[in-house]
Enquirer: 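Quick one: the structure is below, questions incoming.
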Amino acid sequence: MSDTEGTKKSGYRLEYASSGRSKCNGPKPCKGTPIGKGELRFGSLVDFRGNTNFSWRHWGCVTTKIISNMKNSFDEADELDGFDDLNDEDQDRIKKAWEEGHVAAEDVPETARKADGEEAEDDDEEKPKKRGGKKKEEDDGGKGVFKFEYASSGRSKCKDCGENIGKDFFRFGQEGDFRGNKTVAWRHWGCSETKLVEKLKASYDEPSQVPGWGDLKEGEKEKVQRAWDEGAIPADDKGAGEAVDTGKKKPVPRKKKEENGEEKPKKARAPRKKVRTRSRRALSRARVRAEARFLTCRCLGVVFAEGRG
């Protein structure tokens, strides 16, 4: 129903439900319960994607806030759209609520009554919806789990600059949780923000307690210590940095040895014999020639026999 229907043009409407299909949009716990056919219902005009329609609720689910908004828009209750179509008893109920500023207790439906000890909910006409997509921040006291290491490959990406972390580059990891699984977010040490350094200091008493500290070279230990003392990455240490010679070399493959400890001599491979093969086309031509010779010989035999006869 649009706002132009009825005898008056307004953002509110009173009427008897023509069916039992509409749902109550009032406060909990009545929200979502059906409004029975013939029951007095109250509608607030709302706009949804350019279309206007009424959001319905039981008359007993109208809150004091809504009544206050109606009184700001109209001088008397009988100015509401649909008021003239109500019976005298319901009109008196509307006028009484208008004067007192709230719906009478006996008008509140059973589905809207809360258990003892629960406070009544006084909602606005339209509550703003909570915006989704934001992660809940856990109160961890500003602490976390971190680690130092040299990248074993060049596949990981820096969480801050987005570039790949090259093999043997000094990287800084922060442990996190993704859908119940432990993960580590890596970044270049020089890309770490000040708040991350502060969180690192809040999580450990000294840098030597951070996992991976013992495997670092003196140069990287000095970088960490400088950032620890200043509370941020110094300007000279910012950036991706360079690959570090970790001293790790690729293991040399072991040679097989005989029982006496001597190395087995490599077996020389025999040269492959060249096998002449004929293509399908050559085989087909040979087959045709053989058949031609056979037919020629057969014809000559027939001619020779007829000549003797």
Side-chain angles (χ1 to χ4, degrees), residues 1-140:
M1 184 179 292
S2 67
D3 59 344
T4 57
E5 294 184 12
T7 56
K8 302 182 180 70
K9 182 177 180 180
S10 84
Y12 305 99
R13 178 165 176 78
L14 294 162
E15 70 176 25
Y16 298 112
S18 58
S19 67
R21 295 191 301 270
S22 60
K23 304 285 185 180
C24 179
N25 287 305
K28 295 179 180 179
C30 192
K31 184 178 178 70
T33 60
I35 302 175
K37 182 179 180 180
E39 285 189 69
L40 177 60
R41 65 180 185 179
F42 174 82
S44 300
L45 192 67
V46 295
D47 182 271
F48 181 72
R49 297 180 180 178
N51 299 319
T52 56
N53 50 32
F54 282 103
S55 174
W56 298 105
R57 64 179 68 199
H58 299 99
W59 164 250
C61 293
V62 175
T63 62
T64 56
K65 178 70 174 177
I66 294 179
I67 294 178
S68 176
N69 290 340
M70 289 192 295
K71 294 174 76 172
N72 290 334
S73 302
F74 304 97
D75 296 330
E76 300 294 338
D78 55 12
E79 295 179 11
L80 293 172
D81 188 18
F83 181 88
D84 296 336
D85 299 329
L86 304 181
N87 58 42
D88 294 340
E89 183 180 354
D90 289 331
Q91 287 183 358
D92 292 339
R93 292 163 58 192
I94 305 300
K95 290 179 179 179
K96 183 179 179 181
W98 186 277
E99 294 173 358
E100 296 180 355
H102 62 83
V103 175
E106 59 268 18
D107 292 340
V108 178
E110 291 296 329
T111 52
R113 299 181 186 274
K114 294 192 175 185
D116 295 339
E118 294 187 12
E119 296 181 358
E121 182 181 352
D122 190 13
D123 68 336
D124 296 338
E125 292 178 51
E126 290 183 41
K127 285 191 174 181
K129 295 183 179 180
K130 295 182 180 179
R131 297 179 64 183
K134 292 185 178 179
K135 294 182 179 179
K136 295 182 179 179
E137 297 182 358
E138 297 181 358
D139 185 13
D140 56 359

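Bear in mind that the values here come from a model prediction, so they are computed numbers and not experimental data.
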Enquirer: Under the rule for side-chain contact (heavy atoms from CB on, under 4.5 Å), what residues qualify as partners of N72, not counting sequence neighbours?
Expert: S68, N69
Enquirer: Within the supplied structure, the quantity of interest is the number of heavy atoms (other residues, nucleotides, ligands) at a distance under 6.0 Å from E89 CD; does it exceed 12?
Expert: no
Enquirer: Side chains of L45 and R13: does their closest heavy-atom pair fall under 4.5 Å?
Expert: no
Enquirer: Residues two or more places apart in sequence or in another chain: which of them pass side chain to side chain donor-acceptor pair (under 3.5 Å) with S22?
Expert: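 S22: side chain to side chain donor-acceptor pair (under 3.5 Å) contacts with R41.
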Enquirer: If you define the side chain from C-beta out and look only at heavy atoms, does anything of D81 sit under 4.5 Å from L14?
Expert: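 Side chain of D81 against side chain of L14, heavy atoms only: no contact under 4.5 Å found.
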Enquirer: Name all residues meeting the side-chain contact (heavy atoms from CB on, under 4.5 Å) criterion together with K37; count only those two or more places apart in sequence or in a different chain, and write none if there are none.
Expert: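 None.
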Enquirer: In chain order, what residues pass the side-chain contact (heavy atoms from CB on, under 4.5 Å) check against E99, with sequence neighbours excluded?
Expert: none
Enquirer: Within a strict 4.5 Å, meaning less than it, do heavy atoms of the P27 and T63 side chains meet?
Expert: yes
Enquirer: Residues in side chain to side chain donor-acceptor pair (under 3.5 Å) with N87, at least two apart?
Expert: Y16, D90
Enquirer: If you measure only the distance, is there a donor-acceptor pair under 3.5 Å linking the side chains of S55 and N25?
Expert: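 S55 vs N25: donor-acceptor pair found between side chains.
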Enquirer: Go through the structure and list residues passing salt bridge (charged side-chain N to carboxylate O under 4.0 Å, His left out) with D92, not counting sequence neighbours.
Expert: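 D92 satisfies salt bridge (charged side-chain N to carboxylate O under 4.0 Å, His left out) with no residue once adjacent residues are dropped.
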Enquirer: For the pair L40 and I94, evaluate side-chain contact (heavy atoms from CB on, under 4.5 Å) and give the outcome as yes or no after the intermediate values.
Expert: CA-CA 11 Å; L40 177 60; I94 305 300; 4.2 Å; yes
Enquirer: Could you check whether any side-chain heavy atom of F74 comes within less than 4.5 Å of a side-chain heavy atom of W98, counting everything from C-beta outward?
Expert: yes
Enquirer: E15 versus W56: any side-chain heavy-atom pair under 4.5 Å?
Expert: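 The answer is yes; the side chains approach within 4.5 Å.
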Enquirer: Given T33 and K23, is the side-chain contact (heavy atoms from CB on, under 4.5 Å) satisfied, shown in steps?
Expert: CA-CA 5 Å; T33 60; K23 304 285 185 180; over 6 Å; no
Enquirer: Could you check if a side-chain atom of F42 sits within less than 4.5 angstrom of a side-chain atom of S44, using non-hydrogen atoms only?
Expert: yes
